[in-house]
Amino acid sequence: MKLFKKILLSATVFGLMASGTAQAAGKIVIDGSTTVGPIAKAFADHYTKTTGVQVSVSESGSGNGAKSLINKTCDIATMSRAMKDQELAAARSKGVNPVEHVVALDGLSIVVHPSNRINALTKAQIRGIYMGKYTNWSQVGGPNSAIVIIQRESNSGTADTFKELVMGKDNPISKRAETQSSNGAIKSRVASTPSAISYIGLGFVDSSVKAVLVDGIEADVKTVKNNTYPIHRPLFMYTNGQPTGAVKQFIDLPKTAEGKRIISETGFVNVY
């Protein structure tokens with residue numbers, strides 16, 4: 001009987017080692033998007049409590065999440081944009097096969113200080129502000145004060161989404177724009193700067209900032225899910241190949257009742 005138990009234990013350990021580094025180490029390593037961060041962290045807390053498997057979550061930005069997956073230093077890359085062609089090519093050159101999993105939906109909220117009387121902007125006006133065409137709020141129906149433009153850093157998936165869905169290819173952002181490193185940093189800056197404007201994920205909006213209507217539409221669960229809010233996007237987790245074991249269980253959380261509850265409570269929109 002003892003010999004049988006030893007053989008069974010050895011087979012189990014071998015199976016875990018063969019199925020991926022996360023399970024072999026008894027830990028799942030996640031890196032990437034600050035937007036997906038709240039979902040990943042809440043999932044991690046829930047998953048560790050229910051399974052005992054430790055989950056570490058880093059928020060270094062979508063681009064760095066992709067690099068971590070390519071370099072095989074994480075099990076799951078969280079990204080607020082799809083992987084780029086050059087990232088996919090770099091992954092395949094290193095024997096990594098990125099598999100995309102949509103975990104939630106998001107509306108990129110355009111936020112201003114709560115004291116700003118502006119309640120709505122068109123995409124054209126937002127683009128004009130970020131290009132430097134409009135430099136004073138009075139030019140778009142607001143107070144007589146210079147506009148403080150705030151953007152995300154170049155490694156940000158949220159910045160890429162904003163450029164793609166609002167700016168377009170041929171409309172560069174003004175060099176006057178200030179750069180912040182995360183959704184949280186942007187929210188804090190806008191909350192303390194009466195003339196500021198920026199963009200953050202839907203789950204980060206609270207009473208410290210004011211989200212304006214875009215083309216007359218409010219970002220909420222309904223408008224993001226039915227694609228009527230103009231600046232909507234999917235949120236991703238990427239794995240190296242089809243996930244198995246603990247990583248698969250984690251990736252499948254958005255399809256569960258508990259996972260859906262977590263996504264809703266973090267302020268994002270369920271896709272399943």
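Note that the numbering runs from 1 along the sequence shown for the chain.
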Could you tell me whether the side chain of [X] and the main chain of [Y] form a donor-acceptor pair under 3.5 Å?
X: His46; Y: Phe43; value: no
X: Ser80; Y: Thr35; value: no
X: Asn136; Y: Ser145; value: yes
X: Ser174; Y: Met131; value: no
X: His113; Y: Ser195; value: no

Any pair counted as salt bridge (Lys or Arg N to Asp or Glu O under 4.0 Å), so long as it reaches [range], sequence neighbours left out:
range: residues 169-187; value: Glu178-Arg189, Lys187-Asp206
range: residues 251-260; value: Lys248-Asp252, Asp252-Lys255, Glu258-Arg261
range: residues 51-65; value: Lys41-Glu59

The single option from Thr228, Thr122, Ile126, Leu121 passing side-chain contact (heavy atoms from CB on, under 4.5 Å) against Asp215: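 Among the candidates, only Thr122 passes.
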Thr179-Glu153 side chain donor-acceptor pair, cut-off 3.5 Å: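 No, no side-chain donor-acceptor pair sits under 3.5 Å.
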Check: Tyr47/Gln249 side-chain N/O donor and acceptor closer than 3.5 Å: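 Gln249 and Tyr47 do have a side-chain donor-acceptor pair below 3.5 Å.
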Does some side-chain heavy atom of [Y] sit less than 4.5 Å from a side-chain heavy atom of [X]?
X: Ile197; Y: Val111; result: no
X: Leu253; Y: Phe250; result: yes
X: His232; Y: Leu105; result: no

Parallel, tilted or perpendicular, as decided by the 30° and 60° cut-offs, for the rings of Tyr199 and Phe162: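 Judged by the thresholds at 30° and 60°, the geometry between Phe162 and Tyr199 is parallel.
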Test side chain to side chain contact (heavy atoms under 4.5 Å, CB included) applied to Asp31 and Thr73, step by step: CA-CA 9 Å; Asp31 187 21; Thr73 57; 5.9 Å; no
